[in-house]
Participant: 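Before anything else, here's the structure in question.
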Amino acid sequence: MTLPPGFFADRAETVARALIGATLLVDGVGGRIVETEAYDAMDPASHSFRGPTARNASMFGPAGHAYVYRIYGIHWCLNFVCGDGIGSAVLVRALEPLAGLDIMQARRGGLEPARLCSGPGRLCQALAIDRRLDGLPLDRPPFALLPATGAAEIAIGPRIGITRGVETPWRFCLRGSPYLSRPHAR
DNA sequence: GTATCGATGATCT
DNA sequence: GATCATCGATACC
């Protein structure tokens, strides 16, 4: 089973919401997506706001591919590109770890499950995501994306860690999940 | 429990 | 030269 064709052709805001409850695996390791954020080219918080550059090239590439970038010189962040060539993407911020717990704990120093993938940098470390995966399609190995099994109750709030575009409430969480990067506001 | 700070380097002004 | 879509350690309450 996989996500329906055209899933990533929609607006980032719509895709970010629809991804809550879906399962992300990289080489069989991963879990259920419980937190996402949307970014697009009209959005001053987005890397794509000032147009294409070497770093954000994948964000202006085809839908359904990965955009992976380094932040603060230390951590990696994983995005799913939405739309074709329009600089739109969804940041994956947190997973509920389900597959390959032992592998993820080995990569992250034997942490408790609630801390393994509860943040964009943390989940990239747990799933061994780095520059090598930038631009790769999400419907083929090492990636696997499986649809949500049931309806998810979504909490919406402001995005984390940005200084511009703060008024746009494009953070989506699985309500009440203990695996979020931070608790949701409402 | 919350607050603050340094790491660390690519990217962009 | 400034800015980061972050994290973990530390200090303090």
Side-chain angles (χ1 to χ4, degrees), chain A residues 8 11-20 24 26 30-31 33-61 63 65-83 86-97 104-135 138 154-174 176-185:
Chain A
F8 289 106
R11 300 173 56 208
E13 177 188 1
T14 304
V15 174
R17 187 185 185 100
L19 277 170
I20 300 300
L24 166 68
V26 176
I33 297 172
V34 297
E35 181 179 346
T36 59
E37 286 178 1
Y39 292 86
D40 74 22
M42 304 302 293
D43 167 15
S46 174
H47 291 174
S48 58
F49 183 61
R50 294 169 203 276
T53 66
R55 175 178 67 162
N56 67 20
S58 296
M59 205 173 167
F60 284 92
H65 287 233
Y67 165 45
V68 179
Y69 67 90
R70 198 125 119 112
I71 186 67
Y72 295 105
I74 304 174
H75 306 289
W76 298 97
C77 291
L78 171 67
N79 295 250
F80 297 159
V81 177
C82 302
I86 59 172
S88 180
V90 173
L91 171 68
V92 184
R93 288 194 55 90
L95 304 179
E96 174 182 344
M104 291 191 275
Q105 286 175 330
R107 288 170 177 159
R108 285 200 28 83
L111 291 171
E112 58 189 312
R115 286 281 162 114
L116 270 185
C117 300
S118 56
R122 292 168 178 169
L123 77 88
C124 282
Q125 185 181 8
L127 273 59
I129 292 165
D130 63 20
R131 178 121 233 146
R132 304 189 320 271
L133 301 187
D134 183 44
L138 300 169
I154 309 291
I156 303 174
R159 293 171 292 180
I160 307 292
I162 56 172
T163 57
R164 291 166 302 178
V166 293
E167 69 284 357
T168 305
W170 276 1
R171 177 178 181 232
F172 303 90
C173 301
L174 180 62
S177 171
Y179 302 99
L180 302 176
S181 66
R182 294 168 46 171
H184 50 73

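Nothing here was measured: the structure is a model prediction, and the numbers come from that model. Note on naming: letters A, B, ... go to the chains in the order of the sequence lines (proteins, then strands), and numbering restarts at 1 for each one.
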Participant: Any N or O donor-acceptor pair under 3.5 Å from the base of C:dA5 to the side chain of A:Tyr69?
Facilitator: yes
Participant: Starting at atom CH2 of A:Trp170, determine the distance to atom P of C:dA5, rounded to an integer number of angstrom.
Facilitator: 16 Å
Participant: Heavy-atom distance under 4.5 Å between the side chains of A:His65 and A:Phe8, does that happen here?
Facilitator: no
Participant: Indicate, with a heavy-atom threshold strictly under 4.0 Å, whether A:Arg55 touches base, sugar-phosphate, or nothing.
Facilitator: sugar-phosphate
Participant: For A:His47 and C:dT6, what is the distance between atoms NE2 and C1' respectively, to the nearest whole Å?
Facilitator: 12 Å
Participant: In this structure, how many angstroms lie between the C1' atom of B:dA10 and the CH2 atom of A:Trp76, rounded?
Facilitator: 9 Å
Participant: Can a side chain N or O of A:Arg108 be found less than 4.0 Å away from OP1 or OP2 on C:dG8?
Facilitator: yes
Participant: Answer with base, sugar-phosphate or nothing: what part of the nucleic acid does A:Ile162 contact at a heavy-atom distance below 4.0 Å?
Facilitator: sugar-phosphate
Participant: Mind calculating the distance between CE (A:Met59) and P (B:dT11) to the nearest angstrom?
Facilitator: 16 Å
Participant: Hey, is the main chain of A:Ile160 close enough, under 3.5 Å, to the side chain of A:Glu37 for a donor-acceptor pair?
Facilitator: yes
Participant: Could you check whether any side-chain heavy atom of A:Phe172 comes within less than 4.5 Å of a side-chain heavy atom of A:Ile156, counting everything from C-beta outward?
Facilitator: yes
Participant: Do the non-hydrogen side-chain atoms of A:Leu78 and A:Leu24 ever get within less than 4.5 Å of each other?
Facilitator: yes
Participant: What's the closest nucleotide to the side chain of A:Ile160 if the choices are B:dT13, B:dT8, C:dT6?
Facilitator: C:dT6
Participant: In whole angstrom, what separates A:Ile74's CD1 from C:dA9's C1'?
Facilitator: 13 Å
Participant: Under a 3.5 Å cutoff, is there a donor and acceptor pairing between the side chains of A:Asn56 and A:Ser48?
Facilitator: no
Participant: Would you indicate, yes or no, if B:dC12 has its OP1 or OP2 atom less than 4.0 angstrom from a side-chain nitrogen or oxygen of A:Thr53?
Facilitator: yes
Participant: Strictly by Watson-Crick or wobble contacts shorter than 3.5 Å, is anything paired with C:dA5, and which nucleotide is it?
Facilitator: none
Participant: Does any part of the side chain of A:Tyr69, heavy atoms only, come nearer than 4.5 Å to the side chain of A:Asn79, both counted from C-beta?
Facilitator: yes
Participant: Specify the separation, in whole Å, of atom CZ of A:Arg50 and atom P of B:dT11.
Facilitator: 16 Å
Participant: Would you please confirm or rule out a distance under 4.0 Å between OP1 or OP2 of C:dC4 and any side-chain N or O of A:Thr163?
Facilitator: yes
Participant: May I ask you to list the residues of residues 112-122 of chain A, by number, that have any heavy atom positioned under 4.0 Å from an atom of DNA chain B?
Facilitator: none
Participant: Above 12 or not: heavy atoms from other molecules or residues under 6.0 Å from CZ of A:Arg182?
Facilitator: no
Participant: Could you state the NE2-P distance from A:His75 to C:dC4, rounded to the nearest angstrom?
Facilitator: 16 Å
Participant: Would you say A:Tyr72 stacks on B:dA7, if stacking means ring centres under 5.5 Å apart and planes within less than 30 degrees?
Facilitator: no
Participant: Nearest to the A:Arg70 side chain among B:dG9, C:dC4, C:dA5, which nucleotide is it?
Facilitator: B:dG9
Participant: In terms of side-chain heavy atoms of A:Asn79, which of C:dG8, C:dA5, C:dC4 is nearest?
Facilitator: C:dA5
